[in-house]
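Report on the following structure.
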Amino acid sequence: MLDERLVKPRYKLPKGMRYATLEERRDFYRNEFDVSKLNEWFDKWSLKGPVKFAVIIGRHTHIFPKKFEEDASTTIIIDEYKDLPDMKAQILEFLPESAYYDRNVYDERGRIVGQELAFDLDPENLTCPIHGTLADKMRRHQGLAFCEIELNMVKEETIRLHEELEKRFAQLRVVYSGRGFHIHVFDAGCFDWKRRERKALASILKKEGFLIDEWVTTGGMRLIRLPYSLHGMVSRTVTPVDVNGLGGFNPVSDERCLPRFLW
Ligand SMILES: [Zn+2]
């Protein structure tokens, strides 16, 4: 049976969203996490280099396997793995609350040869008619909280940003990240963009009123949530979504992003 004290988030979340237990993380990564879909994902990368993965075991949830107590809040890089099933086996060992990949592309000698361009839209950056601004939420120690209204607003914002980005790029993928959305750019030409070019685009979009996380777009934060992994703070699967169906996508109830332990 679920221990309610264990999974009750410190942050207010939409109905049904809650921390996943260790058992649920194990069940998810053992039975649902499909690395063959990741092959497809990284096939779209124009530069083919070894991909680095990363996990955070229990920084926000404080739920972690006892043996990893010391490293529960650390970002652990997984860059030594035989193949994707081996990477999955390592994740099953850590049972993390969050899994990521590194958008940097490395060559065989570990030198950075490019970076995937991505945009991050999170609900906390929007001003909610009920819960106010991020500053308001921080004052209530609810900086990571979000509600269904904000979730809907961030979805509409993602659709608008996608429309804008379509004017510039041809290969866009939208991912529901568990809290908000990511837009990934797979256009070959963007992988070798310099920081200056990334910053320039981020500035234009911010001037146009888009509430993107500049830190992600310019590459300061190079880790991004791993598609098909579990977001352990909200118990949702990180799910690529076709932008044409995005308007009707509701992460609170949509089966596409509900891990089986919630069915
Ligand atoms: Zn709200």
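This one's a predicted model, so the numbers in the text were calculated from it and none came from an experiment.
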Original post:
If you measure from OG on Ser177 to CD1 on Ile224, what distance do you get to the nearest 0.5 Å?
Top reply: 8.5 Å
Original post:
Between Lys88 and Phe33, is any pair of side-chain heavy atoms under 4.5 Å apart?
Top reply: yes
**OP:** Report the C-alpha distance between Asp27 and Asn31 in whole Å, list the side-chain angles of each, state the deciding distance to 0.1 Å, and finish with yes or no for side-chain hydrogen bond (donor to acceptor under 3.5 Å, both in side chains).
**Re:** CA-CA 6 Å; Asp27 176 59; Asn31 301 314; 2.8 Å; yes
**OP:** Report the C-alpha distance between Tyr100 and Asp102 in whole Å, list the side-chain angles of each, state the deciding distance to 0.1 Å, and finish with yes or no for side-chain hydrogen bond (donor to acceptor under 3.5 Å, both in side chains).
**Re:** CA-CA 7 Å; Tyr100 306 87; Asp102 186 346; over 6 Å; no
Original post:
So, Arg140 side chain and His131 main chain: donor-acceptor pair closer than 3.5 Å or not?
Top reply: yes
Original post:
Does some side-chain heavy atom of Phe249 sit less than 4.5 Å from a side-chain heavy atom of Cys257?
Top reply: yes
Original post:
Is a side-chain donor-acceptor pair under 3.5 Å present for Asp136 with Thr133?
Top reply: yes
Original post:
Between Arg25 and Thr61, do the side chains contain an N or O donor and an N or O acceptor separated by less than 3.5 Å?
Top reply: yes
Subject >> Any side-chain heavy-atom pair of Ile63 and Tyr19 under 4.5 Å >> reply: yes
Subject >> Minimum side-chain heavy-atom gap Ile212-Lys206 below 4.5 Å >> reply: yes
Subject >> NZ/NE/NH1/NH2 to OD/OE distance under 4.0 Å, Lys66 and Glu69 >> reply: yes
**OP:** Run the numbers on Tyr101 and Glu116 for side-chain hydrogen bond (donor to acceptor under 3.5 Å, both in side chains), then give the verdict.
**Re:** CA-CA 11 Å; Tyr101 72 88; Glu116 182 201 282; 2.6 Å; yes
Subject >> N-O pairing of Glu150 and Lys137 below 4.0 Å >> reply: yes
**OP:** Please indicate whether Lys44 has more than 12 foreign heavy atoms, meaning atoms of other residues, nucleotides or ligands, lying under 6.0 Å from its NZ.
**Re:** yes
Subject >> Stepwise side-chain hydrogen bond (donor to acceptor under 3.5 Å, both in side chains) check, Gln171 with Asp187 >> reply: CA-CA 5 Å; Gln171 306 276 339; Asp187 290 42; 5.8 Å; no
**OP:** Spell out, as yes or no, whether a donor-acceptor pair under 3.5 Å connects the side chain of Glu32 to the backbone of Arg260.
**Re:** yes
Original post:
Side chains of His231 and Glu97: closer than 4.5 Å at any heavy-atom pair?
Top reply: no
Going by atom type alone, with no hydrogens or angles, which donor-acceptor pairs under 3.5 Å involve a side-chain atom of residues 50-60 and a protein atom two or more places apart or on another chain?
| from | atom 1 | to | atom 2 | distance (Å) |
| --- | --- | --- | --- | --- |
| Arg59 | NE | Ser73 | O | 2.9 |
| Arg59 | NH2 | Ser73 | O | 2.9 |
| Arg59 | NH2 | Thr75 | OG1 | 3.0 |

Original post:
Under the ring pair (Phe, Tyr, Trp, His ring centres under 6.0 Å) test, which residues partner His184, sequence neighbours left out?
Top reply: Trp41
Subject >> Minimum side-chain heavy-atom gap Leu144-Arg179 below 4.5 Å >> reply: yes
